[in-house]
Engineer: 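Right, I'll just put the structure down here and ask away after.
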Number of protein chains: 2
Amino acid sequence: ALELRSVSKVYGDGPTEVQALREVNLSVEAGALVAVMGPSGSGKSTLLTIAGSLEDATTGEVLVGGLTLSGMSRNDRARLRRRAIGYVFQDFNLLAGLTAVENVALPLELDGVAARTAQAAGMEALEQLGLSDQGSRFPDQLSGGERQRVAIARAVVGDRRLLLADEPSGALDSVNGEAVMRLMRAACRRGVAGVVVTHDAQLASWADRVVFLRDGRVVDQTAPPLG
Amino acid sequence: ALELRSVSKVYGDGPTEVQALREVNLSVEAGALVAVMGPSGSGKSTLLTIAGSLEDATTGEVLVGGLTLSGMSRNDRARLRRRAIGYVFQDFNLLAGLTAVENVALPLELDGVAARTAQAAGMEALEQLGLSDQGSRFPDQLSGGERQRVAIARAVVGDRRLLLADEPSGALDSVNGEAVMRLMRAACRRGVAGVVVTHDAQLASWADRVVFLRDGRVVDQTAPPLG
Ligand SMILES: Nc1ncnc2c1ncn2[C@@H]1O[C@H](COP(=O)(O)OP(=O)(O)OP(=O)(O)O)[C@@H](O)[C@H]1O
Ligand SMILES: Nc1ncnc2c1ncn2[C@@H]1O[C@H](COP(=O)(O)OP(=O)(O)OP(=O)(O)O)[C@@H](O)[C@H]1O
Ligand SMILES: [Mg+2]
Ligand SMILES: [Mg+2]
């Protein structure tokens, strides 16, 4: 469902050039949950934004559902992001003027789903994350961990085939962090392909395998667990 | 250096009223590092914003350096925040139009320190956090963990007596997270009083004691470690 082939990313040029990713290969099949770990600055968010078509690779190819991103029109990529990709941003990226449930329902509404249906789906996703009482609050009336969970709900609502989560439990206690991993694990069982960036080895253990980044390169991968 | 006496905080009113804190007592002496833990939504950030005079308590008293916050003028409180209190926000709160070193130097410059002196202090703080190459970059050119470390550098620059950090290692790998705790530990040894909110029990173990919140109340405290 997701494939990165020899992806490199360079920011800036000349003396201030930053090699954020170097020749990264990654393959995530439907039903698989892959964790990505590595030091701060090693390229994890860059890998995810390129996989989610939010940024272009400098060289290399990205394929989502077998389709090459670089071969798609801007409209087709936008549609792919609305329908097929669920993204949890490292800084949540909620819209301050929308309530929690409106934030969660937004991708569906943008895709033409009727408001009432979208909001019902939004409330359901919020309940799965323990936020049934917070639906009508605005982001600035929520705790850090509540905002993070709203961002996660927005990524899992609807029928996405690819789930990309950038440190979805960074602001969460261990109980809530485990609940998020359980949710992602369940989504992948339904056929979704998932990539989770995390610093927490315990949460990474929920994944089928772990990819390790350092200085923009994949330096190690674990084998799938036995049995 | 910091004292909370029977502090309560209520958000909203009527049926949507939220009791964020209930009768919280906390005392942190100069030289002590206290960790605060608890589930998402338990009141940790609220406790910290009230301790840092960024929000008012609904009832109860807050004393910084022996001075009662409610008895101070707005100007005096602003001066206290610039000079005496270093705050690391859960969402970093960096200024997008300033470079990393400018963000770090800002509290000093606002307090009348000459720009060159302030920037030198800023670069020194960035070096302590492993960011000597990132000083002239803007926040949107930094990774999540790099932004968090800039926010931490801003809190420790200058001569603060009170350090309040809201999950300063949420976006950091374990190596960087430990480096942050080491830095806070060292600051407290110099006579600073520190309060760190964290979900990570391993990082909390760097503190002299741990306070546990649940539903806005202090439900438990550890004794200081032996020896
Ligand atoms: N402006 C507000 N209006 C209403 N409720 C609020 C507001 N701000 C915070 N709250 C609520 O107050 C409670 C405590 O929030 P706080 O941010 O202190 O939690 P926290 O312990 O820091 O959580 P986290 O670990 O998720 O960051 C939460 O239930 C939150 O939803
Ligand atoms: N716009 C940019 N211009 C220059 N350098 C950038 C830019 N964006 C990111 N970088 C750099 O690219 C590298 C990788 O960044 P990335 O955000 O992918 O790291 P990360 O692994 O997600 O880190 P963290 O764990 O801190 O979130 C870092 O060294 C960062 O400073
Ligand atoms: Mg990142
Ligand atoms: Mg908080």
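Lettering follows sequence order; numbering is per chain, from 1.
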Engineer: Short question: side chain of K9(B), backbone of Q19(B) - any donor-acceptor pair under 3.5 Å?
Structural biologist: no

Engineer: Looking at T222(B) and V210(B), would you say the former's side chain and the latter's main chain have a donor-acceptor pair under 3.5 Å?
Structural biologist: yes

Engineer: Is E146(A) close to chain B through its backbone or its side chain, or both, or neither, when contacts mean heavy atoms under 4.5 Å?
Structural biologist: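 The answer is both parts of E146(A).
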
Engineer: At a heavy-atom separation under 4.5 Å, does V18(A) approach chain B through its side chain, its backbone, both, or neither?
Structural biologist: side chain

Engineer: What distance separates L47(A) CG from E55(A) CD, expressed to the nearest 0.5 Å?
Structural biologist: 11.5 Å

Engineer: I'd like to know which of P39(B), S45(B), G130(B) tops the heavy-atom pair count under 4.5 Å against chain A.
Structural biologist: P39(B)

Engineer: Rounded to the nearest 0.5 Å, how far apart are CG of N176(A) and CD of Q148(A)?
Structural biologist: 9.5 Å

Engineer: Given that the side chain runs from C-beta out, which part of S40(A) has a heavy atom under 4.5 Å from chain B: side chain, backbone, both or neither?
Structural biologist: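 Backbone plus side chain of S40(A), per the 4.5 Å heavy-atom cut-off to chain B.
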
